[in-house]
Amino acid sequence: MVYYRKIPYHLVSFGVHALFFALFFFFSKNSIFSNSTDVDESKIRIVGKAIRVDVVSMPKMTIQELKKYDEAPGDINIKPVVKEKVEPQGGDENTVFKKEVKKASFADMLKDLSNRDTSKSKVRPAAKKDSEKAGAGGINGDKLKKILSLGNKISEGSALYGSGGENSGDELDKYALSITDLVRKNWSLPGFLSNKDLSCQIQVFISKTGSLIKTNIIKSSGNTDYDQRALNAILKVGNFPAPANVIANQISTGQIALGFPL
Amino acid sequence: MKLLITFFLFLNVAAQNSLTIVSVGDAQVVKEKIGVEEPFTLDATLSAYNSSGAKIADIIRNDFRFYQNYFEVVKTSFKGQSFGSLSFSERKDKLNYAIQLAVTKAENPILSVKVFNIDKETEIATSNIDLRLDVRRVAHEASKIAYQAIVGKAPIFTDRIFFVSDNKMPNGIKELFVMDFDGANIKQLTFHKGLVISPSVSPDGTKVLYSLIDERNKGRTKNNNLMLLDLGTGQSEVISKRAGINSGAVFAEDGNSIYLTLSIHGNAEIYQMDLATKSITRLTRNFAPDVDPSINATGSLMTFLSGRPGKPMIYTMIPTSEENSVKRISYVGKYNATPRFSPDGKEIVFSSWMDERFDLYKVNSDGSALGRLTKDFGSNEDPDYSKDGQFIIFTNQRVISRKEAVQNLYIMDIEGKILGALTQNFGKCISPRWSK
């Protein structure tokens, strides 16, 4: 008696190989068939941290006070220490009302307000505590916006994506973070170009000795002045630190891009 | 084996293609240094204008100081050899921009303005302004030319602020006034001998809506009327004199209709009124009062104050039909009041009762990013954004003694940095409204 397989072996083999080839071409199509400088978005990693956001109560601190708080602008590694710095400022706004207020209707409240005897309200002179609280840097931009929505309480967020710099132990990440520190020192904008939600990303190619080989704007902000100022921040650094041997090849082939601000 | 090779090949390709993006973070904001150089007099017959030239230069410097987040006004001793030519290298480290002025003559006396970008070593603007105009007007126009050339946007320098004051008036009387953005040039606009409240300026700046409580009809039910002042003719007409409240009116984005609070049905509700036909459309329907509408620049969203949660809270809705997409924005605050949209519609500034006084706060129009603007600065109410969205004007009240308090108008930037008072010793000034 001859036993026939339901699906012949050569067909199974053909199917498996066809699948491997299909997978191979699918994942590698950008590098083999395209010379474009576009980078496959699924391969992009972002190194940095996010902050958790929740509204708690009417903020006690003003935006100006928040700006004078915290470390230098733009530090993406928010350390847990920050949590200790910010003391709860009496979150519940009801506590400021010592008098028992019976639940009044909106119309009553309107009436009360219009009858308010202004001379009774105590107005303290403008406090000058601000300068005492002032730190070296302050909170700005996106971070400020995020903290604002926190109701003035800072808590360390969970990393949404990427690996968290110092903890990862990854040489490439360490090197990338070290060069951003250098670039950040030169990264400045006039007021009328900041806070406009502009963003650009520049790929950097750095040689084994640390010299800048070339740059490539992979995402323009759409504002040439902004792009130019970002590029100047990189060029002004001059010589970067020499990358470790294990990553030298990756660094020289432009595997790091700097995001301004991300 | 084949499988392994294919797998490694695949890994290799993935690695070659990878890119790590690192955030540099927010830029350090630097102020651009700007210098207004002493004016030239190019025509000897115009020596009468010499003092005007110096005065104009001072006003321009003061104008730029309002944008202190952008510019540092530098005192310069530079004066080029001749108008239109200057040494860039000499100014390089001291200035980013230089403004040159010259009093000269075409058919009539004119002020010539030239603006230079020192870093790029180019002239970026040149213009002539009729010197027969008021000196402040000439200076503001010159500042505007320079600002537009540098920033690429219209500044506030030729804008006006409408407000209500009781300056030198009997008790209970308040009238409408207008002044330049910097507090100069105050003019009285109404003479009702009544109480003018909550003005609102049309988008084109030619008409002002306000409510008038006529002191002569004190005690009657129909004593709160909505008025429309035509700034061209100086004449006021009654727009609405329904029983109860006729107030809190604001213009729609096209200026053809208005949004206002009426209490014709017993409860304060928001209505839209066509200015030509005077027909009204109801927009809110709730047992609680809905008041104080404010419309974003495109007219797509309205913010208002509602008592529906028990306390006055800020809401938004699409003002096309009754109760359309009503959304609660604020969840905190003892007593919130006067929500006002920023010109881009992204933010709402409002006042809220805290620590026995009102202070100003802002929140994104989707309810996120609540921030405090004023603190330990008296009681602050009735905010309004400048048309360029860079400033907020508001009423500040300070108690001097048990029987005396002063109310003045102040201007601050949108992050709460107070720039200064716009009115001083001009009675109690309230309800500032920004206008083009």
Side-chain angles (χ1 to χ4, degrees), chain A residues 20 23-24 27-28 30-31 39-40 43-48 55 57-59 61-64 73-76 93 96 106-107 109 118-119 121-124 126-127 140-142 145 148-149 151 172-173 176-177 180 183-184 187-192 194 201 255-262, chain B residues 2-3 6 9-10 13-14 16-32 67 69-70 150-151 153 288-289 307 310-312 331-335 352 354-357 361 368-379 397-399 401-405 415-417:
Chain A
F20 278 137
L23 275 171
F24 172 72
F27 284 110
S28 64
N30 276 344
S31 59
V39 180
D40 185 350
K43 309 276 160 41
I44 295 177
R45 283 188 316 134
I46 296 171
V47 182
V55 175
S57 65
M58 229 40 200
M61 287 171 75
T62 63
I63 299 174
Q64 291 296 315
D75 186 353
I76 56 169
E93 71 269 21
V96 299
F106 183 25
M109 287 168 123
T118 50
S119 63
S121 67
K122 293 167 202 157
V123 178
R124 277 181 264 136
N140 281 301
D142 268 0
K145 283 180 207 155
L148 287 181
S149 30
L172 189 78
D173 288 3
L177 288 171
T180 55
V183 174
R184 192 178 301 128
W187 175 219
S188 65
L189 284 175
F192 46 87
S194 70
Q201 290 173 349
Q255 289 195 17
I256 291 178
L258 303 179
F260 299 82
L262 178 67
Chain B
K2 272 183 209 163
L3 186 123
T6 319
L9 205 61
F10 165 61
V13 168
Q16 277 195 353
N17 219 11
S18 77
L19 179 68
T20 301
I21 296 176
V22 210
S23 164
V24 176
D26 287 307
Q28 188 190 344
V29 178
V30 287
K31 291 181 184 182
E32 300 285 87
Y67 286 95
N69 290 340
Y70 293 178
I150 297 166
V151 180
K153 277 185 176 174
K311 283 192 246 181
Y331 287 87
V332 286
K334 191 79 184 167
Y335 186 104
S352 187
M354 171 100 121
D355 299 343
E356 299 183 1
R357 73 192 73 166
Y361 297 80
S368 66
L370 175 65
R372 183 173 187 167
L373 295 168
T374 60
K375 188 181 179 181
D376 299 332
F377 194 70
S379 186
Q397 179 184 278
R398 278 156 188 274
V399 176
S401 67
R402 285 181 68 82
K403 284 188 176 173
E404 203 188 350
E415 290 190 332
K417 193 198 285 170

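Residue numbers start from 1 in every chain, and the chains themselves are labelled A, B, ... in the order their sequence lines are given, proteins ahead of strands. We use all heavy atoms of the structure for the numbers below, so side chains are in, but hydrogens, waters and symmetry mates are not.
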Closest heavy-atom contact between [X] and [Y]?
X: A/Leu262; Y: B/Ser23; answer: CD1-CB, 3.4 Å
X: A/Met58; Y: B/Leu370; answer: SD-CD2, 4.0 Å
X: B/Val22; Y: A/Ala176; answer: CG2-CB, 3.3 Å
X: B/Met354; Y: A/Pro59; answer: CE-O, 3.6 Å

Q) Which answer fits B/Lys417, side chain, backbone, both or neither, if we ask what part of it has an atom under 4.5 Å from a heavy atom of chain A? A) both

Q) Tell me, side chain or backbone of B/Thr374 under 4.5 Å from chain A's heavy atoms, or both, or neither? A) backbone

Q.
Contact between B/Asp26 and A/Ser194 at the side-chain level, heavy atoms closer than 4.5 Å - yes or no?
A. no

Q.
Between A/Gln64 and B/Leu373 (side chain of the first, backbone of the second, donor and acceptor by atom type, cut-off under 3.5 Å), is there such a pair?
A.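 No; zero donor-acceptor contacts below 3.5 Å.
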
Q) Is B/Arg372 reaching over with its side chain to a backbone N or O of A/Met61, donor-acceptor style, under 3.5 angstrom? A)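 No, because the side chain of B/Arg372 does not come within donor-acceptor range (under 3.5 Å) of the backbone of A/Met61.
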
Q.
Using 0.5 Å steps for rounding, measure from the CD1 atom of B/Ile21 to the OG1 atom of A/Thr180.
A. 13.5 Å

Q.
Let me confirm one number: the CZ-NZ distance from A/Phe192 to B/Lys153, rounded to the nearest 0.5 Å.
A. 11.0 Å

